[in-house]
Trainee: 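Attaching a single structure in C-alpha cells format; questions to follow.
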Amino acid sequence: MKNKIYLNNITLIRHNILLFCVLFSYSFLSAQSYYTPKRIDSLITSNEKPNDWSLEKNIDFLTNVYRESEKLHYEKGMYRCLIQISNWYMMKAQYKKALPYFEKIENLTLNNPDNLKYKIMALQSKSFAFTNLGLYDDAHVAIDESIRQANMISDSETKFKLLGRGLDIKSALYIEIKMPQDSVLFYLKKSAAQYKQIKNTSERTNLLNAAYINMSTGFFNAKKLDSAMYYSRKAINSKQLSNEARSPVFQTIAQIYREKNNWDSTFYYYKQAEAISTKLGNPLDLKSIYQTLTEMYDKSGDKENALLYAKKYSQLSDSLNIINKQSAAIANKNIKEDLQEKNASQQERLYKIIVSIIVMLIFISLLLLYIFRNYDKEKKSQKEKKSIIEEKTKELEKLQSKMNDSFDEVVALAKNNDSAFLGRFKEVYPDFYNKLQQTYPDILNSELTFCAYLKLNFSTKEIATYTFTAIKSVQNRKNRLRKRLNIPSDEDIYIWIDKL
C-alpha cells in the first residue's frame, strides 16, 4: 500500500512538472507583440501569467480572443489561443476536454511554416493527455511523431526547446508503462542536454529547472535519494522557479524525507506544497497531498487531522469524477459536432464539384455546337469562294484568250502597215489611247501611231521594217517624240510609255 501511494504521488508530481514545462516552454516559444494581431498576442501572453486562476473565466477569455483572431484570419493567434485553452484544461486535469482542441490544432490550416511549432506542441500535449488517460499506444504514436517533426525545425533555439520537451514527455510515458528507471533517466538526461544548448540564459535556466525537477523524480523512483535531493535543491534554489513548479519540488523533497523517516521535514514540505496548490487550484496535486497527509496523520495518531484530510480527499475525488464524466460527454458531443460539420462540408464540397462539372459540360457542349456551326458555315463559305474563284478564273482565261487574239490581230495589222492599225489599237487599248489624247490634246495621229508601236514593244529595227523607213529616221522620230512629250532623257522611253 505504501509503495502504491508513493507511485501515485510520483506520477502526480510528474504531471505537474510536465504541465509546468508545457506552460513555460509555450510562453517562450510564442512571440510577444502589441495590438491588432499584436494586441491579440499581448492578450494571450497576459493569460499565460494570470491573476485569476478561474478555469471558466480564462476559457471564456481565450475563446473570445480566438474568435477575434479568426475574424482577422490571424493564423498565429488562432494557434496560440487553442494551445492555451488546452493548457488550462490540462492544468486542471480535464484531459478529455483538452482532446478536441488538439484535434482542432491538427486540422488548422498551416500557411505560415513558423506556426509548425504549435502543431508539434499540440502533439506533445496530446501525448501527455493520452498517457494520463491510460491510452499508452496513442501516447507513443503522438510523442514519436512530435519528435520527428521537431527535428525538421530549422530554427535551432525552437528545435532545442521542442526536442527537450518531447523527450521529457516521453520519459513520463515510460514511467507510466513501467519501463526500467534507467530508460526513464536516459530520456530525462537527453531532455536536459537539449535545454543546455539554448542560448537565451533566462529560457535555458527555466527549462533546465524543469528538467532538474523531473530528474529528481526519476532518481527518487530509482531509490537514489541523494541524487534526487541534489536535483531538487538545484531547482528550488533558482530565483526563476515559479510557484507552479515549486509545489511538485516540495512534494518530492517531502517524499525523500519520508523515506528517511524525517517526519517534521516531511510535514513541513507537504504543507508548503498544499498552500501553493490551493492557491493555484490544482486538483490533482491537492488530491495526492490530501491522501498522503491523511495516511501520515493517521499513523502519527492525530485522528482529528486525519479525518479532516480524509474528508477533503473524498470531496475532491467526487468533484473530479463529476468533472471527468462531464468532460467525456462534452468531448463526445464536440466530436459528433465536428463529424457532422465535416460531413456537411464534404457534402457541400461534393455538390459544388457536381455543379461545376455540369456547368463545364454545358459550356463545352455549347462551345462544340458553336464550333460545329461555324465550321459548317466556313465550309459552305469556302465552297462558295472556291466556286466564285473558279468562275473568275474561267472569265480571266477567256479575257486573256481574247486579249491574246486581239494582240495578235493588232500586231499583224502593224506588221502589214495597215491603215486600220490605229483604229484597232484604240479598241484593244482604250485606256492608254484616251489618256495619251487627254494628256496631250494636240498630239498628231502619226505620233499616236508611233506611240502604239512603242506600246507593243516594237524595236527600232522592227518599226523601220514595218513602216518601210530607215533606222536612222526611226531614231530621230523617237528623239522628237521624247521632246514633244517631255520624257526625261535619263528614262527609258519604253518604260515611260508602259507606265502611262
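These numbers come from the heavy atoms of this one structure, side chains and all, not from hydrogens, waters or symmetry mates.
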Trainee: I'd like to know if the side chain of R204 and the backbone of I198 have a donor-acceptor N/O pair within less than 3.5 Å.
Mentor: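 Looks like yes, one N/O pair under 3.5 Å.
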Trainee: How close do I169 and S127 get, heavy atom to heavy atom, and via which atoms?
Mentor: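 Of all heavy-atom pairs spanning I169 and S127, the closest is CG2-OG, 4.0 Å.
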Trainee: Would you say the side chain of R80 lies within less than 4.5 Å of the side chain of Y66, judging by non-hydrogen atoms?
Mentor: no
Trainee: Counting C-beta onward and ignoring hydrogens, is there a side-chain heavy-atom pair between N221 and V184 closer than 4.5 Å?
Mentor: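 No, their side chains stay 4.5 Å or more apart.
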Trainee: Taking K311's backbone N and O only, do any of them form a donor-acceptor pair with S314's side chain (distance below 3.5 Å, no angle check)?
Mentor: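 No.
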Trainee: Rounded to the nearest 0.5 Å, what separates atom CD1 in I236 from atom CZ in R233?
Mentor: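 Between I236 CD1 and R233 CZ, I get 8.0 Å after rounding to 0.5 Å.
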Trainee: Side chains of Q255 and Q251: is there a donor and an acceptor less than 3.5 Å apart?
Mentor: no
Trainee: Tell me if a side-chain donor or acceptor on K119 pairs with a main-chain N or O of E106 at a distance below 3.5 Å.
Mentor: yes
Trainee: I want to check something: taking the side chain as every heavy atom from C-beta on, are L307 and K303 in contact at a cut-off of under 4.5 Å?
Mentor: no
Trainee: Between S277 and S247, do the side chains contain an N or O donor and an N or O acceptor separated by less than 3.5 Å?
Mentor: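 There is such a pair between these side chains.
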Trainee: Assess whether side chain to side chain contact (heavy atoms under 4.5 Å, CB included) is satisfied between T292 and R258, documenting all intermediate values.
Mentor: CA-CA 11 Å; T292 305; R258 188 178 181 184; 3.3 Å; yes
Trainee: Side chain to side chain contact (heavy atoms under 4.5 Å, CB included), that's the test. Do K117 and K161 meet it? Break it down for me.
Mentor: CA-CA 10 Å; K117 60 189 175 187; K161 295 169 197 172; over 6 Å; no
Trainee: Checking the side chain of S125 only, and the main-chain atoms of A122 only, is there a donor and an acceptor separated by less than 3.5 Å?
Mentor: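 No; judged by distance alone, with no hydrogens or angles, the pair does not exist.
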Trainee: Take atom NZ in K312; do more than 12 heavy atoms of anything else shown fall under 6.0 Å from it?
Mentor: yes
Trainee: Between Y231 and F219, is there a side-chain heavy-atom distance shorter than 4.5 Å?
Mentor: yes
Trainee: In a check of side-chain hydrogen bond (donor to acceptor under 3.5 Å, both in side chains) between E75 and each of T109, N115, N112, which one passes?
Mentor: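 The passing option is N115.
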Trainee: Between K92 and N87, is there a donor-acceptor pair closer than 3.5 Å when you use the side chain of the first and the backbone of the second?
Mentor: no
Trainee: Quick one: are L55 and Y89 in side-chain contact, heavy atoms under 4.5 Å?
Mentor: yes
Trainee: Verify whether one side chain among N305 and D302 offers a donor that lies under 3.5 Å from an acceptor in the other.
Mentor: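 Indeed, the side chains of N305 and D302 share at least one donor-acceptor pair under 3.5 Å.
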Trainee: Is it true that a side-chain atom of S69 and a backbone atom of V65 form a donor plus acceptor pair closer than 3.5 Å?
Mentor: yes
Trainee: Taking the six-membered ring for Trp and the single ring otherwise, decide whether the centroids of F250 and Y270 are under 6.0 Å apart.
Mentor: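 No - the distance between ring centres of F250 and Y270 does not fall below the 6.0 Å cut-off.
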Trainee: Evaluate whether atom OH of Y136 has more than 12 neighbouring non-hydrogen atoms of other residues, nucleotides or ligands under 6.0 angstrom away.
Mentor: yes
Trainee: Should the ring pair H140 and Y174 be called parallel, tilted or perpendicular, given that the plane angle runs from 0 to 90° and is split at 30 and 60?
Mentor: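 H140 and Y174: tilted rings.
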Trainee: Centroid separation under 6.0 Å, is that true for the rings of F267 and Y297?
Mentor: yes
Trainee: I need the minimum non-hydrogen distance between C81 and I44, along with the two atoms involved.
Mentor: SG-CD1, 3.6 Å
Trainee: Show your reasoning for whether side chain to side chain contact (heavy atoms under 4.5 Å, CB included) applies to S171 and N214.
Mentor: CA-CA 9 Å; S171 72; N214 293 334; 5.6 Å; no
Trainee: Under 6.0 Å from the ring centre and within 45 degrees of the ring axis: does the NZ or CZ of K234 meet both conditions for the six-membered ring of Y212?
Mentor: yes
Trainee: Is it the case that the side chains of Y257 and D264 hold a donor-acceptor pair, with the cut-off being a distance below 3.5 Å and no angle test?
Mentor: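 No.
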Trainee: Would a 4.5 Å heavy-atom cut-off, applied to side chains only, mark S288 and Q291 as touching?
Mentor: no
Trainee: Is the side chain of E157 donor-acceptor paired with the backbone N or O of K199 at a distance under 3.5 Å, no angle test?
Mentor: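 Flag set: sc E157 to bb K199 pair under 3.5 Å.
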Trainee: Under the criterion salt bridge (charged side-chain N to carboxylate O under 4.0 Å, His left out), I'd like the reasoning laid out for E70 against R67: C-alpha separation, chi angles, the key distance, then a yes or no.
Mentor: CA-CA 5 Å; E70 250 186 336; R67 291 194 188 113; over 6 Å; no
Trainee: Identify whether the distance between the nearest side-chain nitrogen and carboxylate oxygen of E274 and K279 falls below 4.0 Å.
Mentor: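 The answer is no: the pair does not qualify as a salt bridge.
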Trainee: Start with the C-alpha distance between N47 and W88, add both sets of side-chain angles, then the distance that settles side chain to side chain contact (heavy atoms under 4.5 Å, CB included), and finish with yes or no.
Mentor: CA-CA 10 Å; N47 185 260; W88 273 103; 2.8 Å; yes
Trainee: For the NZ atom on K57, are there more than 12 heavy atoms of other groups (residues, nucleotides or ligands in this structure) within a distance under 6.0 Å?
Mentor: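 Result for NZ/K57: open.
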Trainee: Between the side chains of R148 and E145, is the shortest nitrogen-to-carboxylate-oxygen separation below 4.0 Å, so that they form an ion pair?
Mentor: yes
Trainee: About how many Å separate CG of L207 and CZ of F160, when rounded to the nearest 0.5 Å?
Mentor: 12.5 Å
Trainee: Hey, what do you get for CE (M78) to NZ (K104), rounding to the nearest 0.5 Å?
Mentor: 9.5 Å
Trainee: Taking the six-membered ring of Y79, is NZ or CZ of K76 closer than 6.0 Å to its centre and within 45° of its axis?
Mentor: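 No.
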Trainee: For N151, enumerate each residue passing the side-chain hydrogen bond (donor to acceptor under 3.5 Å, both in side chains) test, keeping only those at least two apart in sequence or located in another chain.
Mentor: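 Per chain and number, N151 pairs via side-chain hydrogen bond (donor to acceptor under 3.5 Å, both in side chains) with no residue.
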Trainee: To check you understand the geometry: which heavy-atom pair defines the closest contact between T131 and A139, and what is its length?
Mentor: OG1-CB, 3.4 Å
Trainee: Look at the side chain of Q124 and the backbone N and O of L162, then say whether any donor-acceptor pair between them is shorter than 3.5 Å.
Mentor: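 Yes.
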Trainee: Within the side chain of S191, is there an N or O that forms a donor-acceptor pair under 3.5 Å with the backbone of Y187?
Mentor: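 Not at all, since once roles are kept as given, no pair shorter than 3.5 Å links the two residues.
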Trainee: If you round to the nearest 0.5 Å, how far is NZ of K170 from CZ of F186?
Mentor: 9.0 Å
Trainee: To the nearest 0.5 Å, what is the distance between CD1 (I40) and CG (L72)?
Mentor: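 If I round to the nearest 0.5 Å, the distance is 4.5 Å.
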Trainee: Relative to the ring of Y290, is the ring of Y309 parallel (under 30°), tilted (30 to 60°) or perpendicular (over 60°)?
Mentor: tilted
Trainee: State, to 0.1 Å, how close L123 and S146 come at their nearest heavy-atom pair, and which atoms those are.
Mentor: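 Nearest heavy atoms, L123 then S146: CB-CB, 3.8 Å.
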Trainee: Considering all heavy atoms of both residues, which atom of F102 and which atom of A129 are nearest to each other, and what is their separation?
Mentor: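 Closest approach of F102 to A129: CE1-CB, 4.1 Å.
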Trainee: Is there a side-chain contact between T294 and D298 in this structure, where contact means two heavy atoms from C-beta onward sitting under 4.5 Å apart?
Mentor: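 T294 does not reach D298 side chain to side chain.
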Trainee: Let me confirm one number: the CD1-CE distance from I147 to M152, rounded to the nearest 0.5 Å.
Mentor: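 I147 CD1 to M152 CE: 14.5 Å, rounded to 0.5 Å.
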Trainee: Between D168 (side chain) and G164 (backbone), is there a donor-acceptor pair under 3.5 Å?
Mentor: no
Trainee: Side-chain donor-acceptor pair under 3.5 Å between W53 and N58, yes or no?
Mentor: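 No, no side-chain donor-acceptor contact under 3.5 Å.
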Trainee: Quick one: closest heavy-atom pair of A235 and I213, and the distance?
Mentor: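 For A235 versus I213, the nearest heavy atoms are CB-CG1, 3.6 Å.
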Trainee: For the residue pair I143 and F128, establish whether any side-chain heavy-atom pair is separated by less than 4.5 Å.
Mentor: no
